[in-house]
Protein chains: 2
Amino acid sequence: MDEIEKVLKTHEVRPTAIRLLMYKFLKERNSAVTLNDIESGFDKSERTTLYRTIKTFEKNGLVHQIDDGTGVAKYALDEPEVGIGNSQDLHLHFHCTNCNETICLTDHKIPHISLPKGFVTQDMNLVLKGICDKCNES
Amino acid sequence: MDEIEKVLKTHEVRPTAIRLLMYKFLKERNSAVTLNDIESGFDKSERTTLYRTIKTFEKNGLVHQIDDGTGVAKYALDEPEVGIGNSQDLHLHFHCTNCNETICLTDHKIPHISLPKGFVTQDMNLVLKGICDKCNES
DNA sequence: AAGTTAATGCACTTAAGTTGCATAAATTTC
DNA sequence: GAAATTTATGCAACTTAAGTGCATTAACTT
Ligand SMILES: [Mn+2]
Ligand SMILES: [Mn+2]
Ligand SMILES: [Zn+2]
Ligand SMILES: [Zn+2]
């Protein structure tokens, strides 16, 4: 718990009770969560606070938002930054149409795409949809 | 106009007045449109009807929906199918963060990605974000 | 401890998407 | 071509996620 406190402080997020709980919650998950997931996962839960908390996490580089095409935003913890550059956003995501879970494939980077003249790329989002490993083995 | 009528009929969409107008509207655009765009582009406009019309188009393979990460669905005409296979969905989209327009890059296919064992891909969505050619030259 | 700043809780708002149902239009059957 | 049937349209209402305003509470600073 003291470990988490350190992480938050490093990112200039003041470690309140709810924030520590939410970080812990996110850490225990291995798939991305919606705001509803978070809300359900808490006894004490106030939509707005949880919303603002996850937004604070996002702004301060603790989580990244994932748009998997389902229409609701999902969030997942950032990988602990090794270097300084923000290579966080460039991995791809897999959304299982069976179990509805979305996971980060952090070691699968988005391949480089050469665009027509005049286009400048700042960001990318690649989502693969299909059946995940868990759903396939059962 | 008679040309459009043919296209609709080919896709088993009955060519009503509104449908012909909407198809024409989509054809004149070179960027993807939201339901609001469509609504604004019509004198006579009924949200629900336009909504159901675009959904009918989608279901019958006349348009495809694009999720560019802005949170609102956009739609663009499908390319006239040459073969039978549905290679429609595999091109990428570019979303300009300056003019907010999203365009289909129909000749830029999404590169093949090899996933960990157990994952089966059925569909993909790749969106590049940045500054478009028009916004760069001005 | 007092003062200051930030976080939380609650109510309320916005916006996109979607459905139910009555009416109108188009298509089919006779 | 009229009646019957199917489909499309218009209007109202609902759902869900996201976001804001503001008073209260907690945390941090001096
Ligand atoms: Mn991720
Ligand atoms: Mn497209
Ligand atoms: Zn699954
Ligand atoms: Zn642009």
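Residue numbers begin at 1 in each chain, while the letters A, B, ... track the order of the sequences. Remember, it's a predicted structure, so these values are computed and weren't measured experimentally.
- Atom CZ of A:Arg47 is separated from atom P of C:dG9 by 14 Å (rounded to the nearest Å).
- The distance from atom CD1 of B:Ile18 to atom P of D:dT7 is 18 Å, rounded to the nearest whole Å.
- The interatomic distance linking B:Glu58 (CD) with C:dT18 (P) rounds to 9 Å, in whole Å.
- Between A:His91 and A:His64, the gap from one ring centroid to the other is short of 6.0 Å.
- Taking atom OH of residue A:Tyr51 and atom C1' of nucleotide D:dA17, one finds them 10 Å apart after rounding to whole Å.
- Distance NZ (A:Lys59) to P (D:dG19): 14 Å, rounded to an integer number of Å.
- The residue among B:Thr53 and A:Tyr75 whose nearest nucleotide of DNA chain D lies closer to the 5′ end is B:Thr53.
- Of the listed nucleotides (C:dC10, D:dA17, C:dT19), C:dC10 has the atom at the smallest distance from the side chain of A:Glu46.
- The phosphate of D:dC11 has neither OP1 nor OP2 within less than 4.0 Å of any side-chain N or O from B:Thr48.
- Under the 6.0 Å cut-off for aromatic ring centres, B:Tyr75 and B:Phe57 do not qualify, their centroids lying 6.0 Å or more apart.
- In this model, the phosphate group of D:dT16 is not approached by any side-chain N or O of A:Asn36 to a distance below 4.0 Å at OP1 or OP2.
- Contact annotation: B:Arg14 does not reach the phosphate of C:dA26 (side-chain N/O to OP1 or OP2, under 4.0 Å).
- Comparing atom distances between the B:Thr16 side chain and each of D:dT9, D:dG19, C:dG17 picks out D:dT9 as nearest.
- Nearest-nucleotide assignment on DNA chain C puts the 5′-proximal partner with A:Thr56, out of B:Leu35 and A:Thr56.
- Atom CE in B:Met22 sits about 13 Å away from atom P in D:dA8, given to the nearest Å.
- The base of C:dG17 lies outside donor-acceptor range of the side chain of B:Arg52, with no N or O pair under 3.5 Å.
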